[in-house]
Amino acid sequence: MVLKDFYKILSEEKTGDSKYNFTILVNEKHEVFKGHFPGNPIMPGVCMIQIIKELTETITKANLMIQTLANVKFMALINPEITPELRLELDIVTTEDDLVKVKNTTYFNDTVALKLSNVYKKM
């Protein structure tokens, strides 16, 4: 975990051949939120991208490096004081040339907060 104590995994479930659901709890007291933004904490987009990478590394049991990000759509602001629990749906496919393709949708409650597709290279 790049940011120590930033989040913890509450549950992990394999829902299909390449599909996984994670529920995480974001630490609303983390120092990141003191600067982003004081009095109105908002999850930084780069932190969400890092969480997705770390969860994908957990599934693939490999160190990964981002190759491409596509269709990154932040649909709603995540305020960790109001909605610290997030559900991430990941569709993870590994290719023969050691690329890992991921499609993600992140929710708080029933609200879609983030959608993205990305490709990682196994290190």
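The figures that follow rest on heavy atoms only: side chains count, while hydrogens, waters and symmetry mates do not.
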Quiz item: Taking it one step at a time, do L64 and V100 satisfy side-chain contact (heavy atoms from CB on, under 4.5 Å)?
Solution: CA-CA 8 Å; L64 302 172; V100 179; 3.9 Å; yes
Quiz item: Do I9 and L55 come within less than 4.5 Å of each other through their side chains, counting heavy atoms only?
Solution: yes
Quiz item: Tell me, do Y20 and T15 make a side-chain contact under 4.5 Å, heavy atoms counted?
Solution: no
Quiz item: Are D97 and T95 close enough that a side-chain donor and a side-chain acceptor fall under 3.5 Å?
Solution: yes
Quiz item: Any side-chain heavy atom of T94 within less than 4.5 Å of one from K122?
Solution: yes
Quiz item: Does a sphere of radius 6.0 Å around NZ in K121 hold more than 12 heavy atoms from other residues, nucleotides or ligands, not counting ones at 6.0 Å or beyond?
Solution: yes
Exercise. With the side chain counted from C-beta on, respond yes when V112 and T106 share a heavy-atom pair under 4.5 Å apart, and no when they do not.
Key: no
Exercise. Please collect all ring-ring contact (aromatic ring centres under 6.0 Å, His included) contacts where either partner lies in residues 81-123, sequence neighbours excluded, each pair once.
Key: none
Quiz item: Is it true that the side chains of E54 and Y7 contain a donor and an acceptor less than 3.5 Å apart?
Solution: yes
Quiz item: Linking I/L/V/M/F/W/Y whenever their side-chain heavy atoms sit closer than 4.5 Å, directly or via other members, would I82 and L77 fall into one cluster?
Solution: no
Quiz item: Out of L88, L116, N104, which residue meets the side chain to side chain contact (heavy atoms under 4.5 Å, CB included) rule with M48?
Solution: L88
Practice problem: Starting at CG of N118, measure out to NZ of K103 and round the result to the nearest 0.5 Å. | Solution: 11.5 Å
Exercise. For the residue pair L86 and V26, establish whether any side-chain heavy-atom pair is separated by less than 4.5 Å.
Key: yes
Exercise answer: donor-acceptor pairs, residues 28-47 side-chain atoms, under 3.5 Å, sequence neighbours excluded:
| unit_1 | atom_1 | unit_2 | atom_2 | d |
| --- | --- | --- | --- | --- |
| H30 | ND1 | V32 | N | 3.1 |
| H30 | NE2 | K4 | O | 3.0 |
| H36 | ND1 | I42 | O | 2.7 |

Quiz item: Listed by chain and number, what are the side-chain contact (heavy atoms from CB on, under 4.5 Å) partners of E85, not counting sequence neighbours?
Solution: L10, T23, L25
Quiz item: Same cluster for V119 and L114 if Ile/Leu/Val/Met/Phe/Trp/Tyr side chains link at under 4.5 Å?
Solution: no
Quiz item: Hey, are the side chains of E12 and T58 touching, using non-hydrogen atoms and a 4.5 Å cut-off?
Solution: yes
Quiz item: Hey, what do you get for CG (D91) to NZ (K19), rounding to the nearest 0.5 Å?
Solution: 4.0 Å
Quiz item: For the residue pair P84 and P80, what are the closest heavy atoms and their distance?
Solution: CB-O, 3.2 Å
Exercise. Indicate yes or no for a side-chain donor-acceptor contact from N79 to the backbone of E81 under 3.5 Å, with no hydrogens or angles considered.
Key: yes
Quiz prompt | Shortest non-hydrogen contact between I66 and K53, atoms and distance | solution = CG1-CD, 4.5 Å
Self-check item: Validation row: T56, L90 side chains within 4.5 angstrom (heavy atoms)
Solution: yes
Quiz item: Any donor and acceptor pair, going by atom type alone, linking the side chain of N71 with main-chain N or O of S117 inside 3.5 Å?
Solution: no
Quiz item: Can you check whether I51 reaches I24 side chain to side chain, under 4.5 Å on heavy atoms?
Solution: yes
